[in-house]
Amino acid sequence: MVGVKLFRTWSSPFALRAVWALKIKGIDYETIFEDLSNKSPSLLQYNPVYKKVPVLVHNGKPIAESLIILEYIDETWKHAPLLPEDPHERATARFWAKFGDDKVLTSIWSVFIKQGKEQEEAMVPALENLKFLEEELKGKKFFGGETIGFVDLALGWLGNLISILEEIVGLKVVDGEKFPLLSAWMQDFADAPIIKDNWPPRDRMIVKFQALRDATIAAAAAAAAAATSK
Amino acid sequence: MAAISLQTETMAEEVKLFGTWASVFSRRIEVALKLKGVQFEYIEENLSNKSPALLKYNPVHKKIPVLVHNGKPVAESLVILEYIDETWKHNPILPTDPYEKAMARFWAKYIDDKLLPAAIKVAMSKGEEQKGVIEEIQKQLKTLESELKEKKFFGGESLGFVDIAANTIVWLVVAQEALGMEILTEEKFPVLHGWYQRLVDDAVFKECMPPREQHLSFVKVRFGSSTPSK
């Protein structure tokens, strides 16, 4: 089997990373949209360990985990590089991409799925993490410098999902006054060619993430009730 | 009168590693540096009294390990391993083929995302909960075993990126002995057990293991109030 296939869902921000990278490099690929409540046999065959999207399949060989997919794309198609050449700069880029997933995403998600006092408390680490990103942008238009790079793609979900989550919970997380550089970057990234044509439909996202928040809060409440009734 | 003198200074390669003696993460870096024959200065940190240098070099996480190469810091153990491999190119740790590289990154991430948190959880849990985590870990070990197959090491003929990341399994074996658990046994995991023996017998790897008795005591003191599960 020859060619490039990408298994994704319409809403996954992780899958979007691969979409952006493939489009930036001008690579032809076939998209397979998955319904995660009814996973295809192909997905299960290509990602038996996690059974998740995205999965990139190149000449029949599957790669899973979005940041690993980005590095594979960058190493296989060497034009329009996503990562810098210098080893220390590459290490710094990998550091920030990991920080984005391990800390920024998890802390913002925490704010999103909580309410009341718990949500207030969750804001503290979320804002601290965002401050590190603000610092990192000093003197740069994009995290990659003059042009979009690996870290921009890794953090790119902020450019779309933040305003959706803020609308749902009625809270400003990335305040333009507190985070001028980050706010500007989010706008520049979201509006960049290639990027702006690939955002999922906002109204569908609002419905989906509202439902996700409601379900998570309900599950947490049920678990708490079960724990106290023992 | 201004005297202009031109001084050419050849800066010796300066490599420092900030770590702690029982940290699975900082020991990974020692293995990699020793495999490449890189001279380095080791600084043992006291994590309840972190040095100003550590806080300066890793302001985001304030954690070890941090590698400092000619004054420039790199943090996050897997990021550091890739930096080492890209800077000192002999005795490669990662494969050159992009697909093989992606696979190595995948399995190292699997170890850190899945096996490592489970290993910590198993040490901290008791009774029924501990039994459940043991089963979870054994499933993960089976998955790793099927990836190893007939190979001498995950990296092939010699230690590679995944083997270094899989030092986690050595820490797991120490925990199982210190806390009286049965998780990785030769009967249940003949293939993985064979790999484990080769790993701890490897000349470079064994030089970088924490001294066994001290390591056992350390684990007992840190986690040891749970009753052993039968």
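Shown here for B/Val79 and A/Ala91, the closest heavy-atom pair between the two residues is CG1-O, 3.3 Å.
Aromatic ring centres of B/His61 and A/Phe95: separated by under 6.0 Å.
The neighbour count for A/Lys140 NZ, taken as heavy atoms of other residues, nucleotides or ligands under 6.0 Å away, is above 12. When the shell of 6.0 Å around NZ of B/Lys151 is examined, it contains more than 12 heavy atoms from other residues, nucleotides or ligands. The number of heavy-atom neighbours closer than 6.0 Å to NZ of B/Lys139, taken from other residues, nucleotides and ligands shown, is 12 or below. The 12-atom threshold is exceeded at CG of A/Asp35, counting heavy atoms of other residues, nucleotides or ligands nearer than 6.0 Å. By the neighbour-count criterion of 12 heavy atoms within 6.0 Å, atom CD of A/Glu121 is densely surrounded, having more than that number from other residues, nucleotides or ligands. Within 6.0 Å of NZ on B/Lys114 lie no more than 12 heavy atoms contributed by other residues, nucleotides or ligands. Heavy-atom neighbours of A/Lys178 NZ from other residues, nucleotides or ligands within 6.0 Å: at or below the threshold of 12. Within a 6.0 Å radius of CZ in B/Arg222, no more than 12 heavy atoms belonging to other residues, nucleotides or ligands are found.
In this structure, A/Phe99 and B/Val60 have side chains that are in contact, with non-hydrogen atoms separated by less than 4.5 Å.
With chain A as the partner, the residue from B/Ala102, B/Pro59, B/Ala75 showing the most heavy-atom pairs under 4.5 Å is B/Ala102.
Atom CD1 of residue A/Ile63 and atom CZ of residue B/Phe106 lie 11.0 Å apart, to the nearest 0.5 angstrom. Interatomic distance, A/Ile68 CD1 to B/Lys101 NZ, rounded to the nearest 0.5 Å: 12.5 Å.
Ion pairing of B/Glu82 with A/Arg94 is present here, as a side-chain N (NZ or NE/NH1/NH2) and a carboxylate O approach within less than 4.0 Å.
Both the backbone and the side chain of A/Pro62 come within contact range of chain B, with heavy atoms under 4.5 Å apart.
Panel note: side chain A/His88, backbone B/Pro73; a donor-acceptor pair is recorded below 3.5 Å.
The interface of residues 71-81 of chain A with chain B, defined by heavy-atom distances below 4.5 Å, comprises A/Glu71, A/Tyr72, A/Glu75, A/Thr76.
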